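For reference, the structure is listed below as structure tokens.
First the proteins, then the strands, lettered A, B, ... as listed; each starts at 1. Owing to the predicted nature of the structure, the values given are computational and were not obtained by experimental measurement.
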Number of protein chains: 2
Amino acid sequence: MTGTPDSRHEQSDRITISVDAMGGDAGPSVVVAGIAKSAKKNPNIGFILHGPEEELAPLVARRRVLRDRVEIRDCRGVVTMEDKPSQVMRKGKGTSMWSTLDSVRNGEAGGAVSCGNTGALMALSMLRLRKMPGINRPAIAILWPSRNPQGFNVMLDVGADVRADAGDLLQFALMGVSYTRNSMDIPIPRVGLLNVGTEEHKGRAELKEAYTLISEKADGASFEFVGFVEGSDIPGDIADVIVTDGFTGNVAIKTGEGTASLIRTALREAFEYSLLSRFAAILAYTSLKRLSKRIDPRRVNGGVFLGLNGTVVKSHGGADATSVSAAVKLAFRLAEQGFAQKLAARVASAGELTQDGAAGGDVDPSPSAQALSQANAPK
Amino acid sequence: MTGTPDSRHEQSDRITISVDAMGGDAGPSVVVAGIAKSAKKNPNIGFILHGPEEELAPLVARRRVLRDRVEIRDCRGVVTMEDKPSQVMRKGKGTSMWSTLDSVRNGEAGGAVSCGNTGALMALSMLRLRKMPGINRPAIAILWPSRNPQGFNVMLDVGADVRADAGDLLQFALMGVSYTRNSMDIPIPRVGLLNVGTEEHKGRAELKEAYTLISEKADGASFEFVGFVEGSDIPGDIADVIVTDGFTGNVAIKTGEGTASLIRTALREAFEYSLLSRFAAILAYTSLKRLSKRIDPRRVNGGVFLGLNGTVVKSHGGADATSVSAAVKLAFRLAEQGFAQKLAARVASAGELTQDGAAGGDVDPSPSAQALSQANAPK
């Protein structure tokens, strides 16, 4: 199974996903279990798996479903959760993370999946895949359980960068719209800009500027701008895409996760309280399972890096096989849709709109640079 | 019951709380029901109630427990949820909110409670009570359900101001410590500074500066500084006080509340799914009640405004009688402890420490101004 898989370009409808076997908390066995789950469900998927061959080969050999569908790329180095992004950018060559991204860079794979260190993965992704033309700051988008019919909202940025000015927030809105349309079949996504209140006069200066920029773009880019939204709307139903800076987004999702986890603990304790409550728990088993499935973070595992030349899905560091499989499924779906190409086209066309019909050649200021200068001017 | 109550200064152990009867979503009847609940539990409490006398008098008369314990201050104006803070500052005289604060300002009451418009209440509080000497930005502190033994963490700022620089964050830490000590009997509170990671090199520049400032103060001010914490630690157990700027704090609590509310809905739906699950819910009733009580936001209703000359508790706009009673209880406890005076003393002594033993008279730069200039210098 370490030979050339028939999964790459031999079969036209087969899509290859590049997977970093190392760097997750639970080690490569969980990653292999995850891709096996995906392979079982999806006959059109193949893998390039990156890590030490002597560790990976026996794990892959044990799964019959992976036969002829996995190519192992031997690499020695591992990026740990403690490594600083700057170190990894200088010394990361030869790591499984680097190698995973290079398979996307050279066109062998339609997307990359890694459970490793988020900061290092973003830094290496920017180094190896480069930012999409016209994008100032890439962003990480996640799905968040919500009251929407689709069951989830898209939120970005959740931590690619701690800063974002008005022009960046506009780009996040456009990228989020494109991602939502391609991952969730929502033709006209509704976009909300995260703030501390829904009134137009509230919040920081860059948010008021972003409000204007996004409003202006809404018609041309076929999305609906619902204006400012609040933290309570992240799990709500008034928007499909929640736009914010990476600092706020990161704190928000971790607060939400922490709160959900506290409630799970309290729920368990409530049912373990007495003999009667234990009996009730047995009867309530199906109901509790149903609840647990609905709010299971593993089902929506996978932060997508947007704004790069290629699709990268970051799986949770503490991911189990179900989570890895969910991240792989997301990478597959985006590759299948040709998402990276569509996103590039959208960003480019948004740039043309910004330039108001100016004959925008390659040497013209990039759309984002123009958006940024507009955004910064009135400060 | 509109005469002079014996609750003010006649009885030495009686503490008067000034309550805004108007401005909540549910109107004055809920506020009166809330103070009646408090009066029933606490023989040492008395009230000054602000609003239109013809509306309030019959509501108060109907509650026997409020007899001789409520003085009604007739005022016509009401601050609505839609009013802008700037308008209210100009035209708010004569409103029940203004009158409520003035009872604290002139020493008639030990603390104020309002369910009204948060922005307007903070603006009027700053106008009528003024900032405590040495404080640059007041903050709103809330209690958040957590895994700590006390069951709650204190978080501030959650929305008094969308900005905070390093010096402000230090003041938030000191005020949060004092509040925690006085409201929860924790002699050495642990303080965490909210960031996107726990490593010292992460996050925004002002956070790294605040890290240094708070570290330097920890010994002299008898609290423990646990360093950077993440969103997941807000409901966690590694800190008692979570320090952040008002924008981030506001988004975080609303995300947490929204997530908790989504889970409550999902839990209800899970148990309403089938006949069997409905039966299970009946058996699980006590367990679910226990859970519901533990995560009930009404039990911890009340954002406290810190850094003003007087105690103001902001109750939730959608508060019911239980919530209003919880907010009143908090105001009572803080008044009983002489919290405003203790906080002023702490801020003043922190200032002396900052000044390194300089003979700081009244005309010296205020401690916060000095902290701020230190904080801004190395940017």
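The shortest distance between side-chain heavy atoms of A/L262 and B/P145 falls below 4.5 Å. Taking the side chain as every heavy atom from C-beta outward, A/V251 and B/V251 never approach each other to under 4.5 Å. Within the 4.5 Å cutoff, the side chain of B/F247 has no heavy atoms near those of the A/L194 side chain.
Taking B/G249, B/G231, B/G236 one by one and counting their heavy-atom pairs under 4.5 Å with chain A, the maximum is reached by B/G231. Ranked by non-hydrogen atom pairs under 4.5 Å with chain A, the options B/P235, B/G119, B/G258, B/G246 are led by B/P235. Among the candidates A/I253, A/D233, A/I234, A/N250, the residue making the largest number of heavy-atom pairs closer than 4.5 Å to chain B is A/N250. No other option in B/T244, B/T248, B/T255 has as many heavy-atom pairs under 4.5 Å with chain A as B/T255.
Taking each heavy atom of B/T259 and A/W144 in turn, the nearest pair found is OG1-CZ2, 3.7 Å. In terms of heavy-atom proximity, B/R204 sits nearest to A/D245 at NH2-OD2, 3.2 Å.
When heavy atoms are compared at a cutoff of 4.5 Å, A/I242 does not approach chain B at all.
With sequence neighbours left out, the ring pair (Phe, Tyr, Trp, His ring centres under 6.0 Å) criterion links B/Y211 to B/F225, B/F228.
Taking CZ of A/R147 as the start and OG1 of B/T265 as the end, the distance is 3.5 Å to the nearest 0.5 Å.
Looking at B/K254, its side chain does come within 3.5 Å of a backbone N or O of A/V196 through a donor-acceptor pair.
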Do any side-chain atoms of residues 155-162 of chain A form donor-acceptor pairs under 3.5 angstrom with protein atoms, and if so which ones, sequence neighbours left out?
unit_1: A/D157; atom_1: OD1; unit_2: A/I140; atom_2: N; d: 2.9
unit_1: A/D157; atom_1: OD1; unit_2: A/G159; atom_2: N; d: 3.0
unit_1: A/D157; atom_1: OD1; unit_2: A/A160; atom_2: N; d: 2.8
unit_1: A/D157; atom_1: OD2; unit_2: A/A160; atom_2: N; d: 3.1
unit_1: A/D157; atom_1: OD2; unit_2: A/D161; atom_2: N; d: 3.1
unit_1: A/D161; atom_1: OD1; unit_2: A/R163; atom_2: N; d: 3.0
unit_1: A/D161; atom_1: OD1; unit_2: A/R163; atom_2: NE; d: 3.4
unit_1: A/D161; atom_1: OD1; unit_2: A/R163; atom_2: NH2; d: 3.4
unit_1: A/D161; atom_1: OD2; unit_2: A/R137; atom_2: NH1; d: 2.9

